[in-house]
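A quick write-up on the structure given underneath.
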Amino acid sequence: MASGIENILALRGDPPRDSASYDRASDAFQYAEQLVKFLKERSSRNGGRGFGIGVAGFPEGHPDTPNRLKEMDYFKQKIDAGADYICTQLFFDNRDFYDFRERCELAGIHVPIIAGIMPVSTKNGFVRMAELSLGSRFPAKLLRAVGRAADDTATARVGLHWATEQCRDLLDNQVRGIHFYTLNKSDATRQVFENLGVSSSRALQGQGSKD
Ligand SMILES: Cc1cc2nc3c(=O)[nH]c(=O)nc-3n(C[C@H](O)[C@H](O)[C@H](O)COP(=O)(O)OP(=O)(O)OC[C@H]3O[C@@H](n4cnc5c(N)ncnc54)[C@H](O)[C@@H]3O)c2cc1C
């Protein structure tokens with residue numbers, strides 16, 4: 001593209017906080033699917049190469065659609081509207097990701113799925129993560145480990161260990177990419193790389209992904 005944009009993550013977004021007067025019905029796009037369609041139509045205009053369009057995926061389900069079969073139907077429509085890849089909500093148990101990946105396959109969704117990982121850094125941060133990722137499950141094993149941590153330094157060590165093991169397992173299971181939720185704290189991500197013994201994303205290529 002002339003603008004140099006290569007990728008757009010097309011999200012519906014959450015309603016603004018503290019906005020009692022917010023009315024989704026008056027939004028130009030009610031759902032991300034409509035934004036994906038809008039972007040797709042413009043992506044390769046004027047003979048350009050176009051840009052990649054990513055969408056959000058929710059391994060443990062999105063809270064607005066408790067009917068998980070219906071949710072997958074909506075999700076498939078969003079992909080069919082022109083999505084090139086999926087980036088998932090953060091999760092702490094890789095089994096939820098693998099099950100989501102399989103359910104996508106069954107639904108005929110074959111675009112790459114990038115796994116969302118967020119290392120726990122502090123106890124307060126942990127609470128904030130639960131707010132940000134409505135619907136995500138916090139495994140008892142992780143809760144116990146965080147509960148045992150004496151202070152934030154120990155909590156960060158627990159979080160780092162957990163995230164490293166998640167990444168190691170994902171790479172062993174052909175994940176197509178990992179997205180780190182850093183929330184402006186990129187140190188933990190760097191340390192995950194160190195723990196994995198790699199210096200850059202490039203060094204991971206060929207370890208997990210088939211491409
Ligand atoms: C990687 C990632 C990054 C994120 N970054 C941000 C961010 O920067 N800012 C922010 O505000 N939020 C962010 N979010 C959160 C996301 O915007 C919210 O979870 C939002 O509520 C859903 O966005 P979506 O794009 O999945 O919406 P949609 O795909 O539109 O889905 C939203 C809900 O509507 C349902 N739905 C879809 N189509 C229909 C239909 N036709 N009829 C009825 N129901 C339907 C879906 O099942 C789902 O429950 C992010 C999420 C992820 C995974």
Side-chain angles (χ1 to χ4, degrees), residues 5-43 51-94 96-101 103-104 106-120 125-138 163 166-167 170 175-186 188-189 192 201:
I5 294 170
E6 295 190 350
N7 268 292
I8 295 179
L9 186 58
L11 302 166
R12 181 192 72 171
D14 283 323
R17 283 181 195 194
D18 314 321
S19 173
S21 59
Y22 172 71
D23 172 21
R24 189 167 299 276
S26 62
D27 280 353
F29 303 120
Q30 307 296 315
Y31 300 108
E33 178 197 343
Q34 295 155 327
L35 176 60
V36 172
K37 263 192 199 131
F38 176 87
L39 291 170
K40 191 72 186 174
E41 279 165 20
R42 282 151 185 80
S43 136
F51 41 74
I53 302 173
V55 292
F58 297 83
E60 297 167 71
H62 186 271
D64 286 1
T65 313
N67 180 334
R68 298 292 172 229
L69 295 183
K70 204 153 210 62
E71 182 186 38
M72 190 49 94
D73 291 343
Y74 293 144
F75 191 58
K76 171 89 164 82
Q77 286 169 23
K78 178 164 77 171
I79 303 296
D80 290 347
D84 298 303
Y85 65 95
I86 297 159
C87 188
T88 78
Q89 180 59 284
L90 60 93
F91 58 88
F92 295 104
D93 188 333
N94 288 0
D96 292 315
F97 176 81
Y98 300 138
D99 186 66
F100 174 66
R101 197 166 64 173
R103 284 185 284 117
C104 285
L106 290 171
I109 294 170
H110 304 299
V111 297
I113 307 178
I114 296 171
I117 295 294
M118 184 165 167
V120 177
F126 200 40
V127 173
R128 193 157 163 243
M129 282 160 95
E131 277 165 22
L132 281 174
S133 63
L134 285 181
S136 285
R137 205 160 56 79
F138 291 79
Q166 274 195 282
C167 291
L170 287 165
V175 73
R176 299 290 296 272
I178 298 176
H179 166 74
F180 288 95
Y181 288 87
T182 61
L183 301 190
N184 298 328
K185 287 187 184 150
S186 55
T189 307
V192 169
S201 302

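Both ligands and their constituent atoms are indexed starting at 1 by order of listing.
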Evaluation steps, side-chain contact (heavy atoms from CB on, under 4.5 Å), between Y181 and L132 | CA-CA 11 Å; Y181 288 87; L132 281 174; over 6 Å; no
Check the pair F138 / F126 against ring pair (Phe, Tyr, Trp, His ring centres under 6.0 Å), numbers first and verdict last.
-> CA-CA 10 Å; F138 291 79; F126 200 40; 5.2 Å; yes
Could you check Y85 against V55 for side-chain contact (heavy atoms from CB on, under 4.5 Å), going step by step and ending with a plain yes or no?
-> CA-CA 7 Å; Y85 65 95; V55 292; over 6 Å; no
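Protein neighbours of ligand 1 below 4.0 Å, counting non-hydrogen atoms: L11, R12, G13, D14, Y31, A32, A56, F58, H62, D64, T65, E71, Y74, K78, C87, T88, Q89, Y181.
The neighbour count for R68 CZ, taken as heavy atoms of other residues, nucleotides or ligands under 6.0 Å away, is above 12.
Across V36, L35, L9, N7, a single residue satisfies side chain to side chain contact (heavy atoms under 4.5 Å, CB included) together with I53, and that is V36.
Every residue two or more places apart in sequence or in another chain that forms a salt bridge (charged side-chain N to carboxylate O under 4.0 Å, His left out) with R12 is listed here: D64.
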